[in-house]
Every structure is written in C-alpha cells, then in structure tokens.
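Accompanying notes for the structure given below.
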Amino acid sequence: MQKRFLSNAFLVLALNFTIKGTYLLVVEREVQNLLPRGDYGLYFSLFNLSLMFQLLADFGLQHFNNRQLSQHRQLLSKYFPYFLGLKLMLFWIFLAMLLLGGMTLGYDRSTLGLLAMVGLNLGLNSLLLFLRTNLSGLGFYRLDSWISVVDKVLMLVLVGGLLLLTPELLSLHKFVFAQTLSWGLACVIVITFLWPKLTYRLPKFKKTLALSFLRRAWPYALAILLMTAYTRLDAVMIERLLPDGVLQADHYAAAYRLLDAANMGGFLLAGLLLPMFSRLIGQGQSVVPLLRTATPLILTGAATISVSLAITAGPITQHLYEFADLRTGQILAWLIPSFVAVCGNYIFGSLCVAADLLRPMNRIFALGVVLNFAGNLWVLPRYGAIGCAAVTSLTQTFITTGLIILAHKRLSLSQMGSSWLVTIASILVLVVLGLVLPQVGNLSWWAIGGFVLLSGLLLMAWHLKRSTVSIDDINKS
C-alpha cells in the first residue's frame with residue numbers, strides 16, 4: 001500500500017501542480033486582473049457562500065461512498081443508481097436554500113442570478129467528486145489522478161483561449177459559464193469510464209433506501225458542514241461586514257489563490273489516503289507504515305512551501321496582481337502558515353474518517369467554527385482582512401492539533417513518536433531559515449525562496465529514505 005501511495009502521490013502532484021497550477025496562477029489570476037475592481041471579490045464571496053450550503057447537495061454521500069466501496073467494492077452496481085437519484089434530489093434542495101440565503105443577506109436580483117450560476121457549478125462539482133469516489137473506491141487511483149485535472153484542462157482551453165484571442169470580451173458571467181461547461185463535461189467523461197461496470201445506469205429513487213443512506217451519511221455531512229464553516233466563513237464575513245468589503249475580499253481572494261494553489265496537492269493526497277486507510281482498517285492491518293510514509297513527506301513539503309511564500313509574500317503578490325499593495329502581501333504572509341495545518345488535517349482527518357471517529361471529530365470542528373467566527377468578529381473591525389488571515393491560521397492549527405491528539409488516543413499510534421520528533425525538528429529548521437535569510441545581505445526574494453525550497457526538498461528526501469527503511473523493518477518483523 002505504501003508503494004501505491006507514493007507512486008500515485010507523485011503522479012497526482014505532478015499533474016495538479018502542472019495543470020491546476022497553470023490555471024490558478026496564470027489564467028484565473030489574469031481573469032481577476034482584467035475584471036473591474038471588486039467583481040472577483042464578489043464572485044469569491046458568492047463562491048464561499050455556496051460552499052457553506054454545499055452540504056445540502058452532498059450530505060456526506062461522497063465520503064460515505066468512498067469508505068464503503070473501499071471495503072466492499074461489489075456494492076457499486078447495486079447502489080450507484082440510488083446514490084445518483086438521491087444526489088439529484090439533494091441538488092434542487094441545495095439550490096433553493098442557497099438562493100433563500102442570498103435573499104436573506106440582501107443580494108439584489110442580478111447578484112442572485114450570478115449566485116444561481118455559481119450554485120449550479122458547485123452542484124456539478126459535487127457530482128464530479130461523487131463520481132470520482134467510485135473510481136478511487138474501486139482502487140483505480142491512477143485513473144482518478146488523471147480525472148482530477150480534466151475540469152482545469154477544459155478551463156485552460158475555454159478561458160485561456162478567450163484571454164488570448166479576445167480578452168476584451170471577458171466578463172464575470174462568461175467566466176462562471178465556462179466553469180459550468182468544464183465541470184459538466186468532466187462528469188460525462190467519468191460516467192463514460194464507469195458505464196461498463198454498471199448494471200443499472202439511470203438514476204433511481206427509493207424512499208427507504210434514501211433514508212438509510214442519509215441516516216448513515218449524516219455524520220459525514222455534519223463534518224463537511226463544520227469544515228466548510230471554519231474554512232469559508234471568513235470571505236463572506238469580510239464582504240458583508242466591512243465598509244469596503246468587496247475590495248478587501250478582492251485582496252483576500254488574491255492571497256487565498258496562492259493558498260489554494262499550494263493546497264491542491266494536500267487535498268488530492270488526502271483523496272488517495274482515505275480509501276487506503278479504509279482498506280487497511282477494513283482488513284485489520286496497521287495504518288502506521290502508511291502514516292509514517294505520508295506524514296513526514298506531506299508536512300515537510302507543506303512547511304517548505306509555506307516558508308517560501310511567507311518570506312516572499314510582498315514581491316510575489318506585486319508580481320502577480322496589478323492591483324496588489326502592501327496589504328495583499330501581508331494577508332498572504334499571515335494566511336499561508338495555515339497550509340501546514342491544513343495538510344495535517346487532510347492526513348489525520350482522513351484517518352479519523354476511515355476509523356469511523358466522526359463524532360469526536362465533529363466536536364473538534366464545532367470548536368473550530370466558534371473560534372473562527374468569534375475571532376473574525378473581533379479582528380475584522382480592527383485589522384480588516386489581514387487579521388482575518390491570522391485567525392484562519394490559528395483556527396486551522398487548533399483543528400489539526402485536536403485531530404492528531406484524537407488519532408493517537410484512539411488508534412494507538414505510539415510507533416509514530418520518532419517520526420514526529422524528526423518532522424517537527426525539520427519544520428523548525430525551515431522556519432528558522434525563513435526568519436534568518438531575509439536579514440542576510442541583499443538577497444533577492446527568489447534566491448531566498450529557492451534556497452528554502454532546496455532545503456525542503458533535501459529534508460523530504462531524507463524523510464522518504466527514513467520512512468522506507470522503517471516500512472521495510474516493520475514488514476520484516
């Protein structure tokens with residue numbers, strides 16, 4: 001399992017940093033630069049608001065299906081049509097409640113129309129993620145890795161082509177419509193792969209079965225709701241509570257894009273880890289060897305990226321965005337440390353989901369929501385979006401620490417002790433380098449970032465070698 005994780009991890013990272021990185025940092029960045037000031041900030045707020053309602057479009061079925069199929073692969077053909085029928089019903093509930101929420105927040109008719117388009121896109125994205133869980137649940141990890149970039153390839157073609165040929169025709173509505181086409185076509189492609197494995201292909205609905213699915217999936221749904229609340233509430237609060245909220249949301253979105261670009265690797269590796277952890281636990285095998293491989297590799301890599309971006313935040317944002325100012329770089333510098341915590345959340349959150357520890361997980365998430373909401377209420381009037389970024393990093397660190405303690409307490413991970421010591425020491429080395437290097441001479445920001453990146457790669461290589469030795473020792477014993 002460790003070899004499968006590593007091979008697929010390198011594939012998924014290479015694909016996503018190439019394709020999604022190009023999309024986020026070239027195409028979507030240029031979209032934000034070309035749109036009138038505040039337009040992208042409005043879109044970013046509407047997108048995050050839609051994410052907070054997306055629970056209603058999925059209700060935890062994605063994670064529930066992934067875990068179930070990983071342990072009982074023969075269930076695909078039996079339950080797929082009923083899952084699909086339930087997903088379609090949930091989508092209409094989601095869209096209706098999203099528009100009701102938009103009206104409650106006071107959006108005008110034009111903004112509500114845009115919100116409906118964003119909601120449709122989130123529904124298609126939810127369907128795509130559900131369809132992909134059938135691939136990963138069946139063990140087609142490599143195929144799922146390729147599918148994970150299809151929507152962004154289509155966006156590169158559609159939006160990238162528009163920017164190259166007729167950039168003057170770009171509008172926010174056309175950008176959102178391009179997303180609709182991309183996610184819709186990606187869903188069709190995944191269904192084409194699943195088609196031969198399905199006995200019944202059309203959506204079906206059976207009340208008793210739907211209620212059974214929802215009853216078993218609701219803990220996953222609650223976890224998703226709470227996670228979305230403490231990760232996406234900040235953008236909505238910035239746009240709604242500050243006098244210049246749309247403009248500040250623009251700057252926050254600019255910094256958040258770099259976090260998203262870094263974050264896509266951790267998110268996709270979590271998508272690999274969940275079915276693998278579920279498979280190991282379902283077969284009564286130890287998760288420690290896989291954990292000792294994944295944890296140092298992911299966390300050290302995350303720390304390398306975080307330190308590099310934090311110490312070069314100002315020059316990077318000035319280079320990427322025409323409207324960037326000192327505030328944009330400060331937001332990124334406070335926001336990007338949360339990336340390490342988010343990656344830890346992906347690892348140990350996936351492990352806790354696989355081990356069916358959802359109830360204590362949700363308690364931790366609920367505390368995170370309270371911390372994030374209260375923290376933002378206090379800092380926004382005083383420090384604006386910069387304070388919001390600091391609260392995000394604090395919240396994510398609190399959540400991940402709680403998940404790590406929970407996993408160690410419930411799953412007896414005592415063999416992780418030495419791995420934690422070396423991982424923490426490596427992260428501290430990177431942090432010290434990040435604090436010291438900007439004070440040395442007249443080093444340019446790219447030289448500092450390159451040096452830290454090289455240090456991180458060397459540390460990850462050492463971690464990987466050490467983890468492989470540990471795995472071999474465990475397997476021999």
Side-chain angles (χ1 to χ4, degrees), residues 44 47-48 51-52 222-238 252-253 255-271 273-274 294-296 298-310 313 330-353 357-358 360-380 383 385-408 420 423-424 427-428 430-431 434:
F44 187 66
F47 181 80
N48 282 279
L51 283 175
M52 294 176 66
L222 181 58
I224 294 168
L225 172 64
L226 295 172
M227 288 177 67
T228 306
Y230 73 73
T231 55
R232 297 293 179 173
L233 189 62
D234 45 7
V236 180
M237 293 181 73
I238 290 172
Y252 195 79
Y256 211 97
R257 178 174 294 110
L258 292 166
L259 176 61
D260 273 341
N263 194 33
M264 61 190 176
F267 176 76
L268 291 159
L269 290 177
L273 285 171
L274 176 57
T295 303
I298 294 175
L299 292 187
T300 306
T304 302
I305 294 171
S306 293
V307 171
S308 300
L309 287 175
Q330 290 175 333
I331 292 171
L332 177 60
W334 282 102
L335 185 64
I336 200 62
S338 68
F339 177 51
V340 180
V342 170
C343 286
N345 189 333
Y346 284 145
I347 299 167
F348 287 89
S350 297
L351 178 59
C352 290
V353 169
L357 297 175
L358 287 164
M361 269 183 67
N362 286 336
R363 294 194 194 103
I364 296 171
F365 291 160
L367 290 173
V369 173
V370 173
L371 175 62
N372 187 261
F373 182 75
N376 280 323
L377 279 181
W378 189 80
V379 303
L380 277 173
Y383 306 105
I386 298 172
C388 189
V391 170
T392 295
S393 291
L394 176 63
T395 303
Q396 294 287 4
T397 302
F398 170 80
I399 294 287
T400 300
T401 303
L403 291 177
I404 291 171
I405 293 172
L406 173 63
H408 275 264
W420 275 122
T423 301
I424 293 171
I427 292 174
L428 289 175
L430 290 169
V431 171

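In this view, A310 and I336 satisfy the side-chain contact (heavy atoms from CB on, under 4.5 Å) rule, not counting sequence neighbours. Taking D234 as the reference, Y252, T392 meet the side chain to side chain donor-acceptor pair (under 3.5 Å) condition, with sequence neighbours excluded. With sequence neighbours left out, the side-chain contact (heavy atoms from CB on, under 4.5 Å) criterion links T295 to L291, L299, I347, F348, M416, W420. For F47, the ring pair (Phe, Tyr, Trp, His ring centres under 6.0 Å) criterion is met by Y43, not counting sequence neighbours.
Minimum heavy-atom separation, I386 to I331: CG1-CG1, 3.7 Å. Closest approach of C388 and V379 over heavy atoms only: N-CG2, 3.7 Å.
A distance of 12.0 Å separates CD1 in I399 from CD1 in I404, rounded to the nearest 0.5 Å. Atoms CZ and CG, from F398 and L403 in turn, are 9.5 Å apart once rounded to the nearest 0.5 Å. For the atom pair OG1 of T400 and CD1 of I405, the computed distance is 11.0 Å after rounding to the nearest 0.5 Å. Separating the CG atom in L259 from the CZ atom in R257 is a distance of 12.0 Å, to the nearest 0.5 Å. With rounding to the nearest 0.5 Å, the separation of CG in N263 from SG in C343 is 6.5 Å.
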Sequence neighbours excluded and cut-off under 3.5 Å, please list the side-chain donor-acceptor pairs for residues 364-373, or say none.
residue: N372; atom: OD1; partner: N376; partner atom: ND2; Å: 3.2
residue: N372; atom: ND2; partner: T395; partner atom: OG1; Å: 3.4

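In this structure, the side chains of L351 and L273 stay at 4.5 Å or more apart for every pair of heavy atoms. Looking only at side-chain heavy atoms (C-beta outward), V340 and Q396 stay at 4.5 Å or farther from each other. Using a 4.5 Å heavy-atom cutoff, the side chains of Y256 and L335 are in contact.
With S393 contributing its side chain and W334 its backbone, the two residues share a donor-acceptor pair below 3.5 Å. A distance-only check finds a donor-acceptor pair linking the side chain of N362 to the backbone of L358 [under 3.5 Å]. Counting only distance, with no hydrogens or angles, the side chain of N345 and the backbone of A341 share no donor-acceptor pair below 3.5 Å.
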